[in-house]
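Worksheet: one structure, shown below.
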Amino acid sequence: KRLNFGRMMDGERRLLRCVIVEQHHDVLPWLHLGMRRKVIATKGLSVVHFDAHPDLGALKNADVCFRPRELVQFLDESEYGISEWLLPLVYCGHVSRIVW
């Protein structure tokens, strides 16, 4: 589900894109799409993560991090996929700060 809304403090309207997903790692295709379309930075992102657990599980095969489609498939098939989605973004250099 995509929501578009937003108004800046100076009154100027700007589009704020928001994607709501069921499984945590299902946000990855949306992030990668935004990066390809150059509407999301590819480096230096900050993530504010609201959850009872940190989702900072490590992948057994870190090489898959650099292949977005394979990464999403890997996380879909992993029993821990819901908790392993943040570190690949850090490992690839996309995320530099996580607030939990």
Side-chain angles (χ1 to χ4, degrees):
K1 182 185 233 184
R2 290 186 352 184
L3 305 173
N4 295 321
F5 57 90
R7 184 175 295 274
M8 302 304 290
M9 291 186 69
D10 61 6
E12 182 181 338
R13 290 184 58 86
R14 292 205 185 134
L15 188 64
L16 173 65
R17 294 189 168 114
C18 178
V19 177
I20 300 170
V21 296
E22 182 68 28
Q23 299 295 323
H24 300 59
H25 66 282
D26 288 340
V27 74
L28 292 177
W30 293 101
L31 283 173
H32 289 124
L33 177 65
M35 289 176 194
R36 285 193 309 275
R37 290 186 175 173
K38 300 184 187 320
V39 295
I40 297 175
T42 59
K43 295 184 179 185
L45 296 173
S46 294
V47 173
V48 178
H49 184 58
F50 295 95
D51 203 338
H53 51 90
D55 291 343
L56 293 171
L59 298 175
K60 293 179 184 175
N61 179 7
D63 291 336
V64 76
C65 294
F66 296 97
R67 298 184 300 274
R69 288 187 180 130
E70 290 180 42
L71 174 61
V72 171
Q73 182 177 352
F74 174 84
L75 293 173
D76 277 338
E77 295 170 359
S78 170
E79 67 179 295
Y80 304 110
I82 195 170
S83 67
E84 296 174 321
W85 69 279
L86 275 172
L87 281 184
L89 294 171
V90 174
Y91 185 63
C92 290
H94 302 309
V95 171
S96 59
R97 182 174 179 222
I98 298 173
V99 179
W100 172 51

Return a table of donor-acceptor pairs under 3.5 angstrom between the side chains of residues 88-100 and protein atoms on other chains or two or more places apart.
from: His94; atom 1: ND1; to: Thr42; atom 2: O; distance (Å): 2.6
from: Trp100; atom 1: NE1; to: Asp51; atom 2: O; distance (Å): 3.0
from: Trp100; atom 1: NE1; to: His53; atom 2: O; distance (Å): 3.4

With side-chain contact (heavy atoms from CB on, under 4.5 Å) as the criterion, how do Met35 and Leu45 come out once you've worked through the C-alpha distance, each side chain's angles and the decisive distance to 0.1 Å? CA-CA 11 Å; Met35 289 176 194; Leu45 296 173; 3.8 Å; yes
Nearest heavy-atom contact between Gly57 and Leu87 is O-CD1, 3.7 Å
Heavy-atom nearest pair, Trp30 first then Ile40, reads O-CD1, 4.5 Å
Contacts of Arg69 meeting side-chain contact (heavy atoms from CB on, under 4.5 Å) (sequence neighbours excluded), chain-then-number -> none
* Same apolar cluster (I L V M F W Y, side chains within < 4.5 Å links), Val21/Val39 -> yes
Sequence neighbours left out, cut at 3.5 Å: what donor-acceptor pairs do the side chains of residues 75-82 make with other protein atoms?
from: Asp76; atom 1: OD1; to: His25; atom 2: NE2; distance (Å): 2.8
from: Glu77; atom 1: OE2; to: Gln73; atom 2: NE2; distance (Å): 3.2
from: Ser78; atom 1: OG; to: Tyr80; atom 2: N; distance (Å): 3.0
from: Ser78; atom 1: OG; to: Gly81; atom 2: N; distance (Å): 3.3
from: Ser78; atom 1: OG; to: Glu84; atom 2: OE1; distance (Å): 3.1

Tightest non-hydrogen contact, residues Val47 and Leu86, listed as CG1-CD2, 4.0 Å
Let me check something: any side-chain donor-acceptor pairs from residues 58-67 under 3.5 Å, sequence neighbours excluded? List them with distances.
from: Asn61; atom 1: OD1; to: Asp63; atom 2: N; distance (Å): 3.2
from: Arg67; atom 1: NE; to: Glu70; atom 2: OE1; distance (Å): 2.8
from: Arg67; atom 1: NE; to: Glu70; atom 2: OE2; distance (Å): 3.1
from: Arg67; atom 1: NH1; to: Asp63; atom 2: O; distance (Å): 3.4
from: Arg67; atom 1: NH2; to: Glu70; atom 2: OE1; distance (Å): 3.3

Query raised in the report: Parallel, tilted or perpendicular for His24 and Trp85, by the 30°/60° rule?
Result: tilted
